[in-house]
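Here's the structure we're looking at; comments come further down.
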Amino acid sequence: MNTSISAPDTARSGASADPLLQGLAAGPLYVDRRCYTDPRIFALEQRDIFAHTWQFIAHDSELKQAGDFRTTELAGEPVIAIRGADGQLRLFLNTCRHKGTLLVDAPAGQCEKMKCPYHHWTYDTQGGLISVPKVEAYGDRFHFAENGLVPVARFDVHAGMWFGCLDPDAPPLVEYLGPAAPHLAEIGAYAGQELVALGAYRYSYDANWKLLMENTLDDYHAEYLHDYAFTQRAALFQMEGTSGFQEKEGSRFSLDLGIHGAFDQCDDIRTLTIQTLRERRLYLGIFPSFIALYNPVWDVTSFRVIEPVSVDKTNVLTYCLAPRSATEEQRRAIGERFHYSWGPGGRAGVDDIVVFSRVQKGLQARAGGRINIGRGIDRTDPQGGPADDHAVRALWKGWRQYMGVDEAAGAPTC
């Protein structure tokens, strides 16, 4: 595979677009509805994007002890991250070397060894094959050392977040993150302290995976879709009559970070009653499917791991984190505030899930026109103004580069 790296856009170049994508609009101004609705395009995304990009696997605090593991998928391929008896964290393909059986079925847990349920081939926490029933039948040509678990090509950590990549020719993680790396490091710590995962829960929505990425990076929708929540918030802080955002004046931006993007603002000092040290609200999207955010009003750090299932079905694993020094009472309070906004019955998360379903249904109107992501497109600085689409266009920049799509079809015509 021909791979070249340029900064700050670290997506692979030279990708050959499938004929299905010829002439397809995918930004910077317009996006074809088929990008969200065509199952053939979804399959190409798995092949050309998810098989070549770095994706979140686990937070370091989840995998501290020997035998701690977490399972997930990369481009539809099952993988398992596990802390070995030697203290090293490794990422393997989650498949037995005998018949290919899924080796570990639980999403997370702790084990001393991994035993396949089918024929009881057994592996240690370092991926080595240690037991095969009736092994003598294989003869002299069989060697335990040649039948250990297969490691995933790339596995690395940044700010306590472990990422994996199936492509051995992918750029190093820090290079892939590019200008997003310091922003991710800011979210990944709390005033210099390590974070610990308090827990995570899964939910699903009936729409395309890219809608959640776009939504998190789009601050145009919030005061309208979440108007009731913001009205409540304004009343809580005795700020009735405000827009509900209550940002520090001149601090609200949409950031283009190469193929990554962020919504970035500082909140009004009057809303920082839970804590007063951090005013910067940062919602960061790491292409293609990871979101890290910090909200200073509620003093909450959260991750969203987007797991595409089909063109119109998406699973999400969402984390709540706290500084390591937080007491049990403080951790409980952080969890409550997290659920208040983003939990299953939260004020904002439910609005998003409901509207995603409506968007997906509306996108089925094939003659309804292309999708417009052009707010602020005439501002060429990577730092856009309030409610601009700089961060959303960065997402689609990455999409075009990995899918091999020319931007001409979605470019402004005048």
Side-chain angles (χ1 to χ4, degrees), residues 46 50-97 100-117 121-130 147-168 170-174 176-177 184-185 187-188 194-202 286 288-292 302-308 315-321 324:
Q46 293 294 304
F50 286 90
H52 299 281
T53 52
W54 287 89
Q55 290 146 66
F56 178 85
I57 302 295
H59 189 260
D60 192 64
S61 65
E62 300 177 275
L63 303 168
K64 284 298 188 184
Q65 304 300 318
D68 287 348
F69 69 83
R70 175 169 284 283
T71 61
T72 186
E73 292 185 355
L74 293 176
E77 299 190 23
V79 300
I80 178 169
I82 186 166
R83 181 77 65 179
D86 61 353
Q88 183 176 340
L89 191 62
R90 297 175 176 87
L91 183 65
F92 299 106
L93 296 177
N94 185 9
T95 177
C96 182
R97 294 295 303 276
T101 310
L102 186 70
L103 187 61
V104 180
D105 192 36
Q110 217 278 340
C111 65
E112 293 183 0
K113 55 190 175 182
M114 296 169 280
K115 180 188 290 186
C116 178
W121 283 36
T122 304
Y123 305 82
D124 63 25
T125 56
Q126 294 163 228
L129 180 63
I130 57 174
N147 287 276
L149 297 183
V150 177
V152 172
R154 309 299 294 275
F155 191 43
D156 205 353
V157 65
H158 184 80
M161 290 162 263
W162 286 90
F163 292 79
C165 180
L166 295 173
D167 185 356
L173 176 60
V174 69
Y176 177 80
L177 294 173
L184 190 59
I187 296 173
E194 291 182 355
L195 293 174
V196 294
L198 301 185
Y201 72 91
R202 292 184 183 273
I286 300 299
S289 57
F290 178 65
I291 296 163
S302 177
F303 299 157
R304 297 172 184 168
V305 187
I306 300 173
E307 303 171 342
N315 292 335
V316 183
L317 177 66
T318 184
Y319 283 75
C320 178
L321 303 104
R324 183 171 294 279

Between [X] and [Y] (side chain of the first, backbone of the second, donor and acceptor by atom type, cut-off under 3.5 Å), is there such a pair?
X	Y	result
Thr122	Ile130	no
Trp54	Pro171	yes
Thr318	Arg304	no
Arg97	Leu149	no
Asn94	Ile80	no

Is there side-chain contact between [X] and [Y], with at least one heavy-atom pair below 4.5 Å?
X	Y	answer
Leu93	Glu77	yes
Asp68	Ile82	no
Thr72	Ile57	yes
Leu317	Arg70	yes

Could you state the interatomic distance from [atom1] ([X]) to [atom2] ([Y]), rounded to the nearest 0.5 Å?
X	Y	atom1	atom2	value
Leu198	Cys320	CG	SG	4.5 Å
Leu166	Glu73	CG	CD	10.5 Å
Glu62	Leu321	CD	CG	8.0 Å
Trp121	Cys116	CH2	SG	9.5 Å
Phe69	Met114	CZ	CE	9.0 Å
Cys165	Tyr176	SG	OH	8.0 Å

With sequence neighbours excluded, what pairs up with [X] under the side-chain contact (heavy atoms from CB on, under 4.5 Å) test?
X	value
Ala85	Thr125, Gln126
Pro151	Phe92
Ala292	Leu184, Ile187, Phe290, Phe303
Pro117	Thr101

Listed partners of [X] passing side-chain hydrogen bond (donor to acceptor under 3.5 Å, both in side chains), at least two apart:
X	value
Thr53	Gln55
Ser61	His59
Asp156	none

Salt bridge (Lys or Arg N to Asp or Glu O under 4.0 Å) partners of residues 102-115, not counting sequence neighbours, each pair once: none
State, to 0.1 Å, how close [X] and [Y] come at their nearest heavy-atom pair, and which atoms those are.
X	Y	value
Ala58	Leu63	CB-CD1, 3.6 Å
Tyr319	Ala197	CD2-CB, 4.0 Å
Ala170	His52	CB-O, 4.0 Å
Met161	Gly188	CE-CA, 3.7 Å

Salt bridge (Lys or Arg N to Asp or Glu O under 4.0 Å) partners for Glu307, two or more places apart: Arg202
Glu194: partners by salt bridge (Lys or Arg N to Asp or Glu O under 4.0 Å), with sequence neighbours left out: Arg324
Trp162-Phe56 aromatic ring centre distance below 6.0 Å: no
Pairs satisfying side chain to side chain donor-acceptor pair (under 3.5 Å), at least one member in residues 81-92, at least two apart: Asp60-Arg83, Asp86-Arg90, Gln88-Arg90
Check against side chain to side chain contact (heavy atoms under 4.5 Å, CB included), Ile291 and Ile306: CA-CA 8 Å; Ile291 296 163; Ile306 300 173; 4.0 Å; yes
